[in-house]
Amino acid sequence: MEKRKKGSAVELRLMVIGSSGPSQFLLTNAILGRKEFTKDVSSISSSLKNTGELAGRRVMVVNGPNIYDKDISQAKRKMELRKSKCLCIPGPHAFLVAFDIEKISPNDMRTPRLMKERFGRHCLKHCMVLLAYEGSLDGFDLEDKVLKTDWHLRDLIDKYGGRFHVFSKNWRDRSQDRELLRKIELMVASLGGGYFSSRTFQKAEDSVKTEEKRLRKQRAAEIEKMWNEMEKQYVADELGCKKNAFTANVSAEIRAKAEVDNEWLRTSLARGLGTGMVVGAVMGALVGSIEGPGGMVLYGIIGGAVGGSAGGTAQVAIEHMDNRMAPPARLNFNSIFINRFFAAPRA
C-alpha cells in the first residue's frame, strides 16, 4: 500500500531519474555543485548515492540506470531498481525526472507510465520535471516560453502535474539553486511535508534493517573489544565522546554495506542467475542440435553454465537482437517545434 509519511527532515532525499542520455547525471552535478559525473557519462550500471548541499539545505541524491538503457539486462535493471530503493530508504521526498530540453523523444513521453510501474501509481504526485539546457539564456525566460508553448514538451510536463524547472548543463552555474530548492520544498509541503513510500520501499527498508542487525551481531565482539580498549585509555566525558564517535562510524559502515547487500537484493540476483542459466541452456541446446542429440545435451549443459555465470547476460544478447531486428524510433521533436518554441507566442 502506497502512502506519504509525515514529518519533515533536515536532509532532503532526492531520487534523480533519467530516460536516456546524460541529463540525470548533469542534474546531479547541478544539485550538488560539483562534478560527480563527467559530461560524457550517459549511463551507469550500478545505482549510486551522493550527499551534499543545495542552497544551504542538506540533500542526498540517488542515481540509478536510465529507464531506457539498452546495455543492461532486464534482470540487472530489476536488481538496480531495488538497489536504488534501498539507497533511498525510507523513501524519497521528491523524484526529479531529467530530460534534455532539445531532445525530447517518444521514449520520454512514455516515462510517466514506467515511473508508475516501477515506483507506484501515486509517485507522480512527488515528481518534478527537470529540463537541461545549454547556454546562458535566463532560466526564467526559458520557463516562461515553456509555459506558453503547446508542443510535446508541454504535454510531457502536464503528465507530471505541471511541475518543472530548467537547469543549466554547466554545474558551476549556481544562479537557479534557490529557485530549485524552493520548488522542491513547495511540492513536498503541498503533500504534507513527508516522503513517498510504497510496499516495495517498505520491503527495502525492512531488508536493510534486517541486514544491519545481522552485521551488528557479527561485529559485536569487535565492538566490545574496542570499547574495552577505550576504557583503558580514556575517562569520563572523553571516553563517552570516543565511544559515540566509534559507534557512529561503525553504524555508518554497517548501514552503507546493508544498503547494497541484503537478502532482498540477493534474491533478485539469484533470480537473474537462474534466468541466465535457463536462457543459456536453451541457446546451447539449439546450437547443439546441429551436432545431434548428444550435442544438444553437451551444449545445453555448457550453455546453462555460461548463462548462469553471466547472471543474465544472455538477456542482453536477446535485447540487442531485438533492437537490431526492430530498432525503436527516436525522433527529435525539437527539429520540428524549436522555431515555435523560441518564437513569440501568438496573440
- Message: Please determine whether side chain to side chain contact (heavy atoms under 4.5 Å, CB included) holds for the pair Asp108 and Leu153, giving the CA-CA distance in whole Å, both sets of side-chain angles, and the decisive distance to 0.1 Å.
- Response: CA-CA 9 Å; Asp108 295 333; Leu153 179 58; over 6 Å; no
- Message: As a quick check of understanding, evaluate side chain to side chain contact (heavy atoms under 4.5 Å, CB included) for Phe196 and Ser198, giving each step before the final call.
- Response: CA-CA 7 Å; Phe196 176 80; Ser198 66; 4.0 Å; yes
- Derivation of the salt bridge (Lys or Arg N to Asp or Glu O under 4.0 Å) call for Arg34 and Glu36: CA-CA 6 Å; Arg34 61 178 187 263; Glu36 284 295 334; 2.5 Å; yes
- Using the side chain to side chain contact (heavy atoms under 4.5 Å, CB included) rule, take Ile223 and Thr247 through it: C-alpha gap first, then chi angles, then the decisive distance, then the call. CA-CA 8 Å; Ile223 294 171; Thr247 301; 5.7 Å; no
- Query: Hey, mind stepping through Leu81 and Lys85 against side chain to side chain contact (heavy atoms under 4.5 Å, CB included) and telling me if it holds?
  - Reply: CA-CA 6 Å; Leu81 177 61; Lys85 292 177 180 179; 4.1 Å; yes
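Between Val16 and Gln24, the closest heavy-atom pair is O-OE1, 3.1 Å. Closest of all the heavy-atom pairs between Glu179 and His165 is CG-CE1, 3.8 Å. When all heavy atoms are compared, the tightest approach of His126 to His93 is ND1-O, 3.7 Å. Trp264 and Ala204 make their closest contact through CZ3-CB, 3.5 Å (heavy atoms, listed as atom of the first residue, atom of the second, distance). Between Asn63 and Phe37, the shortest heavy-atom distance links the atoms OD1-CE1, 3.9 Å. For the residue pair Met115 and Ile17, the shortest heavy atom distance occurs at SD-CG2, 3.8 Å.
Looking at heavy atoms from C-beta onward, Ser47 lies in side-chain contact with Pro65 at the 4.5 angstrom threshold. Proximity of Lys257 to Leu215: side-chain heavy atoms (C-beta onward) are separated by under 4.5 Å at one or more points. Within the 4.5 Å cutoff, the side chain of Phe246 has heavy atoms near those of the Met230 side chain. Side-chain atoms of Glu212 and Arg255, non-hydrogen and from C-beta on, do get closer than 4.5 Å to each other. Side-chain atoms of Asn50 and Ile31, non-hydrogen and from C-beta on, never get closer than 4.5 Å to each other. Two residues are said to be in side-chain contact when any heavy atoms from C-beta on lie closer than 4.5 Å; Lys169 and Asp100 meet this criterion. You'll find the side chain of Val61 stays beyond 4.5 Å of the side chain of Thr51, heavy atoms only. A 4.5 Å side-chain heavy-atom check between Met60 and Leu14 finds every atom pair outside the cut-off.
Using a 30° and 60° split on the angle between ring planes, Phe201 and Phe119 fall in the parallel class, below 30°. Between Tyr160 and Phe99, the two ring planes are tilted [angle within 30° to 60°].
In this structure, Ser84 OG and Ile89 CD1 are separated by 12.0 Å, a value rounded to the nearest 0.5 Å. Atom OG of Ser23 sits about 10.0 Å away from atom CG of Leu130, to the nearest 0.5 Å. From Met226, atom CE reaches atom NZ of Lys242 across 10.0 Å, with rounding to the nearest 0.5 Å. Taken from OG1 in Thr111 to NZ in Lys116, the straight-line distance is 11.0 Å, to the nearest 0.5 Å. A distance of 10.0 Å separates CD1 of Ile254 from CZ of Arg214, quoted to the nearest 0.5 Å. For the atom pair CG (Leu181) and CZ (Arg178), the distance works out to 8.5 Å, reported to the nearest 0.5 Å.
Ion pairing between a basic and an acidic side chain is recognised when a charged N comes within 4.0 Å of a carboxylate O; Arg154 and Asp158 show such pairing. Using a cut-off of 4.0 Å between Lys/Arg side-chain N and Asp/Glu carboxylate O, Glu80 and Arg77 are scored as not salt-bridged. The pair Glu222-Lys225 does not meet the salt-bridge criterion, since no charged nitrogen lies less than 4.0 angstrom from a carboxylate oxygen.
Both Phe95 and Val129 are assigned to one and the same hydrophobic cluster, defined by single-linkage of ILVMFWY side chains at heavy-atom distances under 4.5 Å. Val59 is connected to Val188 through a chain of hydrophobic side-chain contacts under 4.5 Å among Ile, Leu, Val, Met, Phe, Trp and Tyr, so both are in one cluster. A chain of hydrophobic side-chain contacts below 4.5 Å, direct or via other Ile, Leu, Val, Met, Phe, Trp or Tyr residues, connects Leu131 to Tyr68. Phe25 and Met128 fall into different hydrophobic clusters, defined by Ile, Leu, Val, Met, Phe, Trp and Tyr side-chain heavy atoms under 4.5 Å apart, directly or through other members. Transitive grouping of hydrophobic side chains (ILVMFWY, heavy atoms separated by less than 4.5 Å) brings Ile104 and Leu114 into a common cluster.
At distances below 3.5 Å, not a single donor-acceptor pair connects side-chain atoms of Asn66 with backbone N or O atoms of Asp69. Asn262 places a side-chain N or O within 3.5 Å of a backbone atom of Ala258 that can act as its donor or acceptor partner. Panel note: side chain Lys243, backbone Trp227; no donor-acceptor pair is recorded below 3.5 Å. Judged purely by atom type and a 3.5 angstrom limit, Ser251 has no side-chain atom pairing as donor or acceptor with the backbone of Ala248. Between the side chain of Arg174 and the main chain of Ala30, a donor-acceptor pair closer than 3.5 Å is present. For Arg57 (side chain) and Val10 (main-chain N/O), a donor-acceptor pair under 3.5 Å exists by modelled atom type. Checking side-chain atoms of Lys83 against main-chain N and O of Leu265 turns up no donor-acceptor pair under 3.5 Å.
Side chains of Ser105 and Asn107: a donor-acceptor N/O pair is absent below 3.5 angstrom, by distance only. Of the N and O atoms on the side chains of Asp206 and Gln202, at least one donor lies less than 3.5 Å from an acceptor on the other residue. Between Ser175 and Asp173, the side chains place a donor N or O and an acceptor N or O closer than 3.5 Å (distance only, hydrogens not considered). No side-chain N or O of Ser45 forms a donor-acceptor pair with one of Lys76 less than 3.5 Å apart.
Sorted by first and then second residue, the salt bridge (charged side-chain N to carboxylate O under 4.0 Å, His left out) pairs with a member in residues 43-56 read Lys49-Glu259; sequence neighbours excluded.
With a 6.0 Å radius and a threshold of 12 heavy atoms from other residues, nucleotides or ligands, Asp237 has its CG atom at or below the threshold.
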